[in-house]
> 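Structure provided below as structure tokens; questions to follow.
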Amino acid sequence: MEETKQIHAHVIKFGFGSEVYAVNSLLHVYASSGSIEAARLLFDQVAERDIVSWNSMVDGYAKCGKMEAAYEFFKNTPTKNVISWTTMISGYVGAGMYKEALDLFQEMQLEGVEPDKVALASTLSACSYLGALDQGRWIHAYIDKTGIVIDPILGCALIDMFAKCGDMEEALRVFKKVKKREVSLWTSLIYGFAIHGRGGEALDWFENMQKAGIKPNHVTFTAILTACSYSGLVDEGKSLFESIERVHKLRPRIEHYGCMVDLLGRAGFLEEAKGLIEQMPVKPKAVVWGALLNACRIHKNVELGIKIGKLLVEEDPDHGGRYVHLASIHAAAGEWERAVETRRQMKERGVSKLPGCSAISLDGVIHEFLAGTKSHPQAKQIYRAWDSIAERLEKEGYKPALQNLLLDLDDEAKEMAITQHSEKLAIAFGLLRTKPGTTIRIVKNLRICEDCHTVTKLISKIYDREIVMRDRTRFHHFKDGKCTCGDKW
DNA sequence: CTAGGGTTAG
């Protein structure tokens with residue numbers, strides 16, 4: 001501490017010709033290496049500070065997750081420039097506070113600060129996460145209007161935004177328009193096709209990329225392997241995985257193994273997937289086991305599922321989703337007591353689970369629905385709308401899948417809980433507020449549940465509506481009673 | 001001379 005202060009005193013005194021430049025250089029080093037306390041010490045010690053010093057402090061606090069402190073510095077910055085705003089916006093994105101990022105972008109413009117390509121790229125990333133297509137489109141139009149050149153990074157962010165907001169055709173148009181097609185541009189396009197279950201096109205573009213003389217990197221391989229996995233292209237995936245080392249002279253990484261476990265597991269080759277985990281050159285992370293667990297759920301391998309579920313809970317006792325997963329597998333095996341016990345354990349340890357949340361955007365306004373709450377101002381009307389939908393579904397032979405619920409509730413309470421899943425509320429709202437024939441687009445923060453998936457397929461048929469739902473990892477396009485995920489998700 | 005950006009397995 002004293003030593004650091006003395007070093008600072010020297011830097012301040014002798015600088016590199018100019019004090020503030022020297023101080024800022026050091027602030028930047030501190031801020032980008034996580035030594036925020038040292039940065040703070042120096043910041044408080046100096047007599048002269050400029051905009052760069054303030055921006056570095058904001059960046060430093062944001063990068064170590066101290067968002068209140070970051071915002072405090074941002075707020076107190078005397079004359080903010082576009083970099084101040086962008087630092088705070090990307091800080092929010094890094095912290096997963098996407099809505100705050102979009103709000104700040106709006107505020108920046110109200111303050112008369114013109115966004116540049118860096119500000120736009122950061123904000124686009126927030127749009128991607130939120131599925132905020134309207135805001136994303138606005139940025140695209142702004143880029144066209146102002147003539148900002150779409151460089152590879154901005155292009156990558158734009159393509160990713162259109163893909164994650166469900167508009168692959170626009171993603172493709174952006175791709176074709178960009179002059180400088182670096183590997184990242186191809187990669188975001190391929191990943192886009194992957195999450196939409198359009199594996200064939202992903203493979204086509206992977207081939208086009210190589211014909212254009214662009215070499216795939218490790219990110220490209222996660223994209224193309226994901227594409228194979230989500231589209232059930234087992235042989236293609238195996239051959240690509242094998243080519244990483246043999247043809248492309250890259251070392252397969254843990255995420256590539258993860259993709260392969262997912263691919264094999266999804267396709268029903270559970271033993272082969274397990275074998276791959278066991279022969280991995282690096283210690284498999286929880287996500288890899290998570291992929292196999294998901295495969296156990298899809299293919300109803302209860303025995304293996306329980307084994308893995310227990311392993312994951314032990315490894316990650318603060319992760320609520322793990323308990324929920326394990327409990328659901330116990331329940332699927334008819335072991336109600338164990339299911340209840342698992343939930344009780346979770347409660348005892350004070351572990352909480354992220355609540356399910358679905359969002360639907362109408363006329364540029366994002367409406368959010370939290371599972372089991374009446375938080376929306378039109379909640380009453382929406383619940384009534386759902387009741388009438390449920391009535392119609394039941395006439396078609398639908399019965400709520402209570403066995404998939406693992407709560408210690410009686411049947412009536414279970415049904416209440418399941419009908420209050422956020423995606424159902426969002427669909428009810430969508431049917432209520434859009435004209436017949438309009439596609440309903442919903443974004444969910446977690447994975448869609450099996451019952452909701454069944455219901456949505458039925459609704460797409462009965463109400464003759466296309467419903468596009470993005471869950472935590474991929475898209476489901478519901479049409480005529482079918483879903484593009486092929487019921488494997 | 002010093003500060004801000006994108007894509008990545010569940």
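First the proteins, then the strands, lettered A, B, ... as listed; each starts at 1. Please read all numbers here as calculations on a predicted model, not as lab measurements.
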> For A/Asn217 and B/dT8, what is the distance between atoms CG and C1' respectively, to the nearest whole Å?
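Value for this atom pair: 9 Å.
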> Can a side chain N or O of A/Ser125 be found less than 4.0 Å away from OP1 or OP2 on B/dT7?
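It does, given that an N or O in the side chain of A/Ser125 lies less than 4.0 Å from OP1 or OP2 of B/dT7.
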> Which one, B/dT7, B/dG10, B/dT2, comes nearest to the side chain of A/Tyr129?
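Output: B/dT7.
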> Can you tell me the distance, in whole Å, between the NZ atom of A/Lys444 and the C1' atom of B/dG10?
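From A/Lys444 NZ to B/dG10 C1': 15 Å.
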> NA contact type, A/Arg474, heavy-atom cut-off 4.0 Å: base, sugar-phosphate, or nothing?
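It contacts nothing in the nucleic acid.
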> Nearest to the side chain of A/Asp59, which nucleotide is it out of B/dG4, B/dT8, B/dG10?
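Of the candidates, B/dG4 comes closest.
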> Consider the side chain of A/Asp262, meaning its heavy atoms from C-beta on, and name the nucleotide among B/dG10, B/dT2, B/dT8 that approaches it most closely.
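Shortest atom-to-atom distance from the side chain points to B/dG10.
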> I need the A/Lys80 NZ to A/Glu111 CD distance, nearest 0.5 Å.
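Interatomic distance, A/Lys80 NZ to A/Glu111 CD, rounded to 0.5 Å: 6.5 Å.
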> Less than 4.0 angstrom between a side-chain N/O of A/His28 and OP1 or OP2 of B/dA3, yes or no?
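So the side chain of A/His28 is within the cut-off, an N or O lying under 4.0 Å from OP1 or OP2 of B/dA3.
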> Cut-off 3.5 Å, side chains only: do A/His476 and A/Asp471 have a donor facing an acceptor?
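Result is yes, a qualifying pair exists.
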> Could you check how far CG of A/Asn55 sits from P of B/dG5, rounded to whole Å?
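The answer, rounded to whole Å, is 11 Å.
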> Just by distance, no angles: are the side chains of A/Asp262 and A/Ser229 close enough, under 3.5 Å, to form a donor-acceptor pair?
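There is such a pair between these side chains.
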> I want to verify a distance call: between B/dA3, B/dT2, B/dT7, whose nearest atom is closest to the A/Asp50 side chain?
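For the A/Asp50 side chain, the nearest candidate turns out to be B/dT2.
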> For the side chain of A/Ile153, starting at C-beta, report the closest nucleotide among B/dT2, B/dG5, B/dA9.
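For the A/Ile153 side chain, the nearest candidate turns out to be B/dG5.
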> Please state whether the rings of A/His196 and A/Phe475 are parallel, tilted or perpendicular, taking 30° and 60° as the class boundaries.
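Parallel.
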> Could you check whether A/Asp50 and A/Asn24, counting side-chain N and O atoms only, form a donor-acceptor pair closer than 3.5 Å?
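A/Asp50 and A/Asn24 do have a side-chain donor-acceptor pair below 3.5 Å.
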> Between B/dA9, B/dG5, B/dG4, which nucleotide has the shortest distance from any of its atoms to the side chain of A/Thr226?
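Looking only at side-chain atoms, A/Thr226 lies closest to B/dA9.
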> For A/Ile254 and B/dG10, what is the distance between atoms CD1 and P respectively, to the nearest whole Å?
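These atoms are roughly 14 Å apart.
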> Give A/His218 one of three labels, base, sugar-phosphate or nothing, depending on what nucleic acid heavy atoms sit under 4.0 Å from its own.
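A/His218: base contact, heavy atoms under 4.0 Å.
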> Name the nucleic acid region contacted by A/Tyr230, choosing base, sugar-phosphate or nothing; use a 4.0 angstrom heavy-atom cut-off, strictly under.
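Sugar-phosphate, backbone atoms only, no base.
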> Considering every strand and a 4.0 Å limit on heavy-atom distances, what is the contact class for A/Lys80: base, sugar-phosphate, or nothing?
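Touches nothing.
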> Heavy atoms from C-beta onward define the side chain here; which of B/dT8, B/dT2, B/dG5 lies closest to that of A/Thr222?
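Taking heavy atoms from C-beta onward, the closest nucleotide is B/dT8.
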> Check this one for me: any side-chain N or O of A/Arg266 less than 4.0 Å away from OP1 or OP2 of B/dG10?
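For A/Arg266, the contact criterion (side-chain N or O under 4.0 Å from OP1 or OP2 of B/dG10) is met.
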> For a quick check of understanding: with a heavy-atom distance under 4.0 Å over all strands, which category does A/Ile89 fall into, base, sugar-phosphate or nothing?
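The residue A/Ile89 makes no contact with any strand.
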> Look at the side chain of A/Thr86 against the base of B/dG4 and say whether a donor-acceptor pair falls under 3.5 Å; ignore hydrogens and angles.
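Indeed there is one.
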> Using a heavy-atom cut-off of under 4.0 Å over every strand shown, decide if A/Ser188 touches base, sugar-phosphate, or nothing.
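Here A/Ser188 touches no strand at all.
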> Mind checking A/Arg447 for me? I need base, sugar-phosphate or nothing, with any heavy atom below 4.0 Å counting as a touch.
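The residue A/Arg447 makes sugar-phosphate contact but no base contact.
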> Contact class for A/Val82 (heavy atom, under 4.0 Å): base, sugar-phosphate, or nothing?
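Base contact - A/Val82 has a heavy atom under 4.0 Å of at least one base atom.
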> What is the distance, to the nearest angstrom, from the CD1 atom on A/Ile195 to the P atom on B/dT7?
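So the CD1-P distance, A/Ile195 to B/dT7, works out to 12 Å.
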> Checking contacts here: which listed nucleotide (B/dT8, B/dG10, B/dT2) is nearest the side-chain heavy atoms of A/Arg322?
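Of the options given, the side chain of A/Arg322 lies nearest B/dG10.
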> Starting at NZ of A/Lys285 and ending at P of B/dA9, how long is that distance when rounded to a whole Å?
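Rounded to the whole Å, the gap is 12 Å.
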> Between atom CE in A/Met108 and atom C1' in B/dG5, what is the gap in whole Å?
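Rounded to the whole Å, the gap is 12 Å.
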> Of the options B/dG5, B/dA3, B/dG4, whose atoms approach the side-chain atoms of A/Asp116 most closely?
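Taking heavy atoms from C-beta onward, the closest nucleotide is B/dG4.
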> Return the nearest nucleotide to the side chain of A/Val219; candidates are B/dG10, B/dT7, B/dG4.
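Output: B/dT7.
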> Which is true for A/Ile190 with a 4.0 Å heavy-atom rule: it touches a base, it touches only sugar-phosphate, or it touches nothing?
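Nothing, no nucleic acid heavy atom in range.
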> What pairs with A/Phe162 under ring pair (Phe, Tyr, Trp, His ring centres under 6.0 Å), at least two apart in sequence or on another chain?
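Only A/His140 meet the ring pair (Phe, Tyr, Trp, His ring centres under 6.0 Å) criterion with A/Phe162.
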> Quick check: any donor-acceptor pair below 3.5 Å linking the side-chain of A/Asn81 to the base of B/dA3?
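Under the 3.5 Å cut-off, the side chain and the base do form a donor-acceptor pair.
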> Going from CG on A/Leu250 to NZ on A/Lys215, what distance comes out if it is rounded to the nearest 0.5 angstrom?
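Here the rounded value is 10.0 Å.
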> Between A/Arg253 (CZ) and B/dG10 (P), how many Å, whole number?
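Nearest whole value for this atom pair: 17 Å.
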